[in-house]
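So that the names make sense, note that chain A is the first sequence line, chain B the second, and so on, each numbered from 1.
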2 protein chains.
Amino acid sequence: MTDDASARAVRPTLAAVAARAGVSASTASLAFSGAGPVSVETREKVLAAAEALGYAGPDPRAASLRRGRSGVLGVVIEDRLREAFRDPMNIAMLDGIADEAGAAGAALLLLTDAAGGRTDIASASMDAVILVGCSTRLDDSVAILRQRGMPMVAVEADAMDGVLGIDLDNRAASATLARHLRELGHDRVAVVSLPLDDSGEPGRLPGDWRLRARSHTARERLEGVADVYPAFGGRVAEGSTIEAGREAGMAILGEADAPTAVIAQSDLLAVGVIRAAEELGLRVPEDVAVVGFDGIRRDDANGIDLTTMVQPAVAKGRAAGRAAFSLLDGDEPARQLFTSEFRRGATT
Amino acid sequence: MTDDASARAVRPTLAAVAARAGVSASTASLAFSGAGPVSVETREKVLAAAEALGYAGPDPRAASLRRGRSGVLGVVIEDRLREAFRDPMNIAMLDGIADEAGAAGAALLLLTDAAGGRTDIASASMDAVILVGCSTRLDDSVAILRQRGMPMVAVEADAMDGVLGIDLDNRAASATLARHLRELGHDRVAVVSLPLDDSGEPGRLPGDWRLRARSHTARERLEGVADVYPAFGGRVAEGSTIEAGREAGMAILGEADAPTAVIAQSDLLAVGVIRAAEELGLRVPEDVAVVGFDGIRRDDANGIDLTTMVQPAVAKGRAAGRAAFSLLDGDEPARQLFTSEFRRGATT
DNA sequence: CTGAAAGCGCTAACAG
DNA sequence: CTGTTAGCGCTTTCAG
């Protein structure tokens with residue numbers, strides 16, 4: 001702690017720099033920010049003084065208090081980064097957000113929706129927040145953030161008061177895939193769905209999924225299938241991973257009365273289902289057709305050319321970022337809807 | 001802007017809450033933080049007043065100025081998230097960092113080492129920084145951060161003054177793999193290396209890689225191979241991806257005088273090389289042996305059971321996180337070295 | 001247990 | 001172009 005004191009002592013403030021340069025603090029400030037008229041002479045004097053004193057630069061904490069802005073964009077994601085970033089779609093979206101943040105000179109603060117460490121969501125300093133990742137229990141976070149008066153943007157979430165939505169045509173896109181399968185003559189289809197809530201327990205898709213699904217994306221995609229196949233069964237996967245898809249696939253395709261087509265709610269799940277099919281000695285698409293969702297790069301799909309709906313993940317992220325900054329500027333950006341595009345691959 | 005004013009007006013401060021509750025500001029502050037003795041009565045009065053006024057909670061910007069801490073841990077990664085997060089190792093490490101950050105009640109600020117938006121690295125408010133991701137041009141960032149007096153931890157980087165290193169036994173581990181191949185009788189080996197610098201151009205591995213390699217990890221892994229095979233050729237990949245590995249693999253295995261073994265500097269690259277081998281009609285390991293590095297999950301390796309060195313990525317991340325907080329506490333944590341473990345798979 | 005006072009370090013108005 | 005003034009909103013002594 002004596003250490004601390006000496007560290008403090010050795011850390012000069014802007015005022016100290018100004019004093020040494022023989023100018024006012026405000027002038028010194030301008031010399032640093034370059035946001036106002038300062039003569040070259042003066043600026044050099046200030047810079048020299050700063051150099052001499054070993055000035056660390058304006059303290060961002062003080063600056064953000066004064067300005068009322070911290071230059072930070074919060075991004076709330078699912079519990080574990082490991083999970084969230086396993087799916088290339090989430091990364092692509094984050095990349096889109098990062099693009100816009102970078103352009104706006106803001107940095108990204110990663111916040112997790114997690115159980116214990118919710119402190120940070122309540123107390124992190126940031127200017128706006130984007131909620132992403134099919135997070136299944138956003139409500140608490142939203143309540144806290146609303147209380148904080150934080151501008152909020154949510155990607156693929158149920159409409160919430162005071163939260164700007166950036167949406168994807170999940171339902172229509174899923175219906176497109178379902179129709180595609182029906183046109184190919186498939187009668188019995190099964191769905192491998194993303195987790196319906198944050199319990200994370202895989203299992204049979206419950207008949208009352210409409211009531212139970214807390215995940216917006218999962219529910220909408222189920223609705224899309226239901227629009228075409230009023231009755232269907234399936235499994236809920238443990239997450240959006242190949243392994244989870246494989247497990248669900250084994251359960252579905254291993255049964256006596258196996259379906260002739262599987263609608264997986266993500267490409268990773270679809271890859272897993274295909275792997276299960278292979279292990280069971282089934283050919284795709286001859287014995288069983290499989291469709292995915294997202295349009296991940298073939299490289300990420302084990303080289304499989306999936307039939308899927310390609311969603312504009314990066315654009316979605318950029319839109320979310322832009323919307324956040326727009327809210328921050330006091331504008332009233334409109335809610336946006338992105339559409340996915342059908343891509344026929346070799347799996348149907 | 002009138003809007004702004006009214007928004008301000010409607011946003012009460014702690015002082016306003018205190019006034020309404022009929023207590024002092026300091027008492028109100030304690031009522032919120034719970035960090036001191038406040039009677040239950042008083043606390044309830046304060047909370048009620050806050051509720052009534054719609055108080056958003058203590059402003060973190062002001063708090064962090066006052067406290068001198070922002071509760072933020074910066075993480076500097078490569079230019080594009082898309083690239084950095086394509087490799088599961090980086091995600092695992094980030095997850096390790098996030099674990100420790102969460103435990104310490106800190107949030108993670110993602111900073112990119114990028115060209116243009118370097119502003120944030122110079123001006124983001126944070127308490128300490130971890131530099132990760134084999135970033136090839138950390139020097140500039142380090143200079144800026146050092147100037148800011150920021151505690152720094154670097155994962156797998158050349159030793160730098162004032163930066164605490166968290167290292168991996170890259171050289172020894174690569175040598176282990178090389179020895180394994182030599183024991184199997186391989187004479188001619190080729191290396192597929194990670195990018196040597198940030199130019200990102202793939203191509204033949206230059207003979208003077210020792211001089212040219214700016215990436216610590218790539219260089220050390222090359223040294224490890226050189227310890228066993230004094231002379232070897234190879235390719236520099238465009239990044240740590242399957243596709244880049246495939247391209248390098250095609251170049252290497254397509255030549256007349258193709259090697260009998262390929263040492264890939266990451267598991268993703270190894271998977272790509274194997275894919276190239278398959279496309280060229282070569283069997284692995286019969287026609288060509290392939291080893292990787294990292295120990296990614298089989299799920300991420302297209303189901304291939306690679307011979308590789310398993311590195312403790314999550315532990316590395318945790319150690320980096322712990323070290324950062326330790327520096328922040330004024331301690332002098334020691335530099336740490338993690339070791340990788342040989343895992344024989346089916347590719348040699 | 002509560003209150004008063006004193007800034008944290010910076011920046012934005014407004015005069016000159 | 002430069003200086004003066006006045007806080008941003010909170011937390012931490014230090015007294016009572």
Side-chain angles (χ1 to χ4, degrees), chain A residues 1 4-5 7-46 49-50 53 55-71 122-125 127 148-149, chain B residues 1 4-5 7-46 49-50 53 55-71 122-125 127 148-149:
Chain A
M1 293 301 133
D4 207 47
R8 268 214 175 301
V10 93
R11 198 164 294 254
T13 69
L14 185 56
V17 173
R20 185 175 221 271
V23 301
S24 73
S26 62
T27 301
S29 176
L30 290 182
F32 274 99
S33 68
V38 185
S39 75
V40 181
E41 248 184 347
T42 310
R43 157 174 290 120
E44 293 195 338
K45 257 194 309 193
V46 172
L53 294 176
Y55 179 54
D59 183 332
R61 289 180 279 253
S64 76
L65 171 59
R66 179 62 238 227
R67 292 210 243 244
R69 288 282 167 88
S70 56
S123 67
S125 67
D127 299 332
R148 290 186 59 181
Chain B
M1 294 302 131
D4 207 45
R8 266 213 176 302
V10 94
R11 200 164 293 254
T13 69
L14 184 57
V17 173
R20 186 174 220 270
V23 302
S24 73
S26 59
T27 301
S29 177
L30 291 183
F32 273 98
S33 67
V38 185
S39 75
V40 181
E41 246 184 346
T42 310
R43 156 172 291 121
E44 292 194 339
K45 258 194 309 195
V46 173
L53 294 175
Y55 179 54
D59 182 332
R61 287 179 280 253
S64 76
L65 171 58
R66 180 61 237 233
R67 292 211 240 245
R69 287 282 167 87
S70 56
S123 68
S125 67
D127 299 332
R148 289 186 59 182

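A/Arg61 has its CZ atom 19 Å from the P atom of D/dG9, to the nearest Å. Atom CZ in A/Arg69 sits about 15 Å away from atom P in C/dT11, given to the nearest Å. C/dC14 atom C1' lies 13 Å from atom CG of A/Leu30, rounded to whole Å. Here C/dG7 presents its C1' atom at 16 Å from CZ of A/Arg66, a figure rounded to the nearest Å. Note: CZ (A/Arg11) to C1' (C/dC8) measures 14 Å, nearest angstrom. Here the P atom of nucleotide D/dT11 and the CZ atom of B/Arg67 are 5 Å apart, to the nearest Å. One can place CG of B/Leu65 at 17 Å from P of D/dG7, the figure rounded to the nearest angstrom. Rounding to whole angstrom units, CG of residue A/Asp59 and C1' of C/dC10 are separated by 8 Å.
Closest of all the heavy-atom pairs between B/Val23 and B/Val46 is CG2-CG2, 3.9 Å.
At C/dT2, one or more side-chain N or O atoms of B/Thr42 fall inside 4.0 Å of OP1 or OP2 (strictly under the cut-off). Residue B/Tyr55 has no polar side-chain atom (N or O) positioned under 4.0 Å from OP1 or OP2 of D/dG9. For D/dG3, the OP1/OP2 oxygens have a side-chain nitrogen or oxygen of A/Thr27 closer than 4.0 Å. Phosphate proximity of D/dG9 to B/Thr13: absent, as no side-chain N or O sits under 4.0 Å from OP1 or OP2. At least one side-chain nitrogen or oxygen of A/Ser39 sits closer than 4.0 Å to the OP1 or OP2 atom of D/dT2.
Here the side chain of A/Arg148 pairs no donor or acceptor atom with the backbone of B/Gly57 at under 3.5 angstrom. The closest donor-acceptor contact from the side chain of A/Asp127 to the backbone of A/Ser70 lies under 3.5 Å.
Judged by closest nucleotide on DNA chain C, B/Ala25 is the one of B/Ala25 and B/Ala62 placed further toward the 5' end.
If you check every strand for non-hydrogen atoms under 4.0 Å, A/Phe32 touches nothing. Across all strands, B/Pro58 comes closer than 4.0 Å only to sugar-phosphate atoms, never to a base (heavy-atom distances).
A side-chain donor from one of A/Ser24 and A/Thr27 sits under 3.5 Å from a side-chain acceptor of the other. In summary, the side chains of B/Ser29 and B/Ser26 do not present any donor paired with an acceptor at a separation below 3.5 Å, with no hydrogens or angles considered.
With hydrogens and angles ignored, no donor-acceptor pair under 3.5 angstrom links the side chain of A/Ser26 to the base of D/dT2. No N or O donor and acceptor, one from the side chain of A/Ser29 and one from the base of C/dA12, sit under 3.5 Å apart.
Of the listed nucleotides (C/dC10, C/dG3, D/dT2), D/dT2 has the atom at the smallest distance from the side chain of A/Pro37.
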